[in-house]
Amino acid sequence: MGFLGRAIVTFLPFAPRFVVGWVAKRYTAGESLEQALEMMRKLSSEGACFTIDVLGEEIKTLEESSPFINEYEAVIDSIVNSGIDANISIKPTALGLLIDEKSAHSNIERIVRKAAENDIFVRLDMEDNRATQATIDAALAMHYRGIDNIGVVLQGRMFRTPEDISSMCDLLGPKSDFRVCKGIYLEPPEISHTNYHDIVDATNRAIDLMLDSGSYTAIASHDIPVIEHALQSLESRGLGPGKCDPRHKSPVSRCKGKGPGYEFQFLLGVRGNIRRDLSRNGHRTRIYLPYGKKWYEYGMRRLRENPGIAVHVTKTLLMPWTNRR
Ligand code: FAD
């Protein structure tokens, strides 16, 4: 797997752009907001709701953040005007988090306030370890400013995650709202688990900690051992489709579109069959839907960061029955 992944990643930059575009088509909704809306209208019939991501990350100058802010404002207007069941996901480094935190907070605040005015939730995606603490701090800063329609992503693979769950829950109580995933960035062994089984175990423990702390928990994995663990954990805590969240005496007010204390999330184009099964069984399922012009840079960077993805993608193309759209 390691060799195959690395080989694909080595040769990929020599592949014609249209070939990469053909592969990317499965995983992104297109280059424009109109295409994203069209895709969501199509997929709504599968019982899914959405989190919209404008492709792009790590800017080099603060001026580069403006197009992202404008685009996210347009996304919020479109969600409202179209009535599509969606919220938004943001990569904080696209808003300058690694250049100047204060400016990045102002940028994030602009988007989150506009979303709050329209009862739309905002998720800060989690990037590599350079941004972990700063991303958590940005979300906390918004809560301290009285804007609470925001939550972060925590990565099961990171050693620090249990600590982050408990410290954020201490500060935010039932308003804590996490997406939990394995983590796409291959972090060094000093700070993260590096083998598959340890990552799965740690991700499952993170799910349990979130559920036990009363947080809203968005489970973002396509991996069956993680999904099955989550289903058992939900059931043993009395959480499930159509049930009121038993962890709180009085209902916690959350943005529209939220599930009963939890939801499942999938990337666009990945393991749609499992997503549709969960949805048919009454679980809230959300599709992470990226769109934008930067699909080539985004895809290449992801592949360089984690060659394992190249193997998933190749397997999907060669053996489509293993991974339905
Ligand atoms: P894996 O064992 O990697 O995958 C299980 C199976 O799913 C594979 O065998 C394959 O069949 C399929 N699969 C998984 N990924 C792909 C793919 N890209 N293409 C084709 N098939 C695939 N990571 C972060 O670091 N920060 C984030 O903010 C973040 N947000 C996410 C949001 C969502 C909604 C999801 C679903 C994932 C997110 N991730 C994020 C990525 C995540 O951390 C994992 O890298 C990714 O989901 C793969 O892990 P897995 O749990 O699906 O398990």
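All figures in this text were calculated on a predicted structure; none of them were measured in a lab. Remember, it's 1-based here, ligands and their atoms both numbered in the order they're listed.
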At a 4.0 Å threshold, what atoms of ligand 1 neighbour a non-hydrogen atom of Asp125?
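The list of qualifying atoms is 28 (O).
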
Near Val153, which atoms of ligand 1 are under 4.0 Å from a heavy atom of that residue?
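Those qualifying, in numeric order: 27 (C), 28 (O).
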
Evaluate [X] for polar contact with ligand 1, using N/O atom pairs at a separation under 3.5 Å.
X	value
Lys182	yes
Gln155	yes
His222	yes
Phe266	no
Leu267	no
Tyr185	no

Count the heavy atoms of every other residue, nucleotide or ligand shown that sit under 6.0 Å from [atom1] of [X], and state whether that count exceeds 12.
X	atom1	value
Glu235	CD	no
Lys294	NZ	no
Lys42	NZ	no

For ligand 1, is there an atom lying under 4.0 Å from some heavy atom of Val226?
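Contact absent.
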
Does ligand 1 have an atom that lies less than 4.0 angstrom from a heavy atom of Arg179?
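Per 4.0 Å heavy-atom rule, Arg179 contacts ligand 1.
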
What I want to check is whether the side chains of Asp125 and Tyr288 have a donor and an acceptor closer together than 3.5 Å.
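Their side chains do contain a donor-acceptor pair, which is all the 3.5 Å distance test asks for.
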
Ile184, portion touching ligand 1 at heavy-atom distance under 4.0 Å:
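Under 4.0 Å from ligand 1, Ile184 contributes backbone and side-chain atoms.
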
Record the part of Arg271 in heavy-atom contact with ligand 1 below 4.0 Å; permitted values are side chain, backbone, both and neither.
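Near ligand 1, Arg271 shows its side chain, while the N, CA, C and O stay back.
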
Under-4.0 Å salt bridge between Glu109 and Arg145
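Yes, Glu109 and Arg145 are salt-bridged.
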
Heavy atoms only: give me the nearest Ile59-Gly96 pair and the separation to one decimal.
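Distance-wise, the nearest heavy atoms are CD1-N, 3.5 Å.
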
Option nearest atom 38 (C) of ligand 1 (shortest heavy-atom distance, choices Ser221, Cys181, Ser89, Pro225)
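The residue whose heavy atom sits nearest atom 38 (C) of ligand 1 is Cys181.
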
Consider salt bridge (Lys or Arg N to Asp or Glu O under 4.0 Å). Of Arg123, Arg284, Arg286, Arg275, which one does Glu263 pass it with?
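Answer to the salt bridge (Lys or Arg N to Asp or Glu O under 4.0 Å) test with Glu263 among Arg123, Arg284, Arg286, Arg275: Arg286.
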
Val226 backbone acceptor or donor facing Asp223 side chain under 3.5 Å:
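Absent.
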
Checking Asn81 now: which residues fulfil side chain to side chain contact (heavy atoms under 4.5 Å, CB included) with it, not counting sequence neighbours?
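Scan of Asn81 (side chain to side chain contact (heavy atoms under 4.5 Å, CB included), adjacent residues dropped) gives Asp77.
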
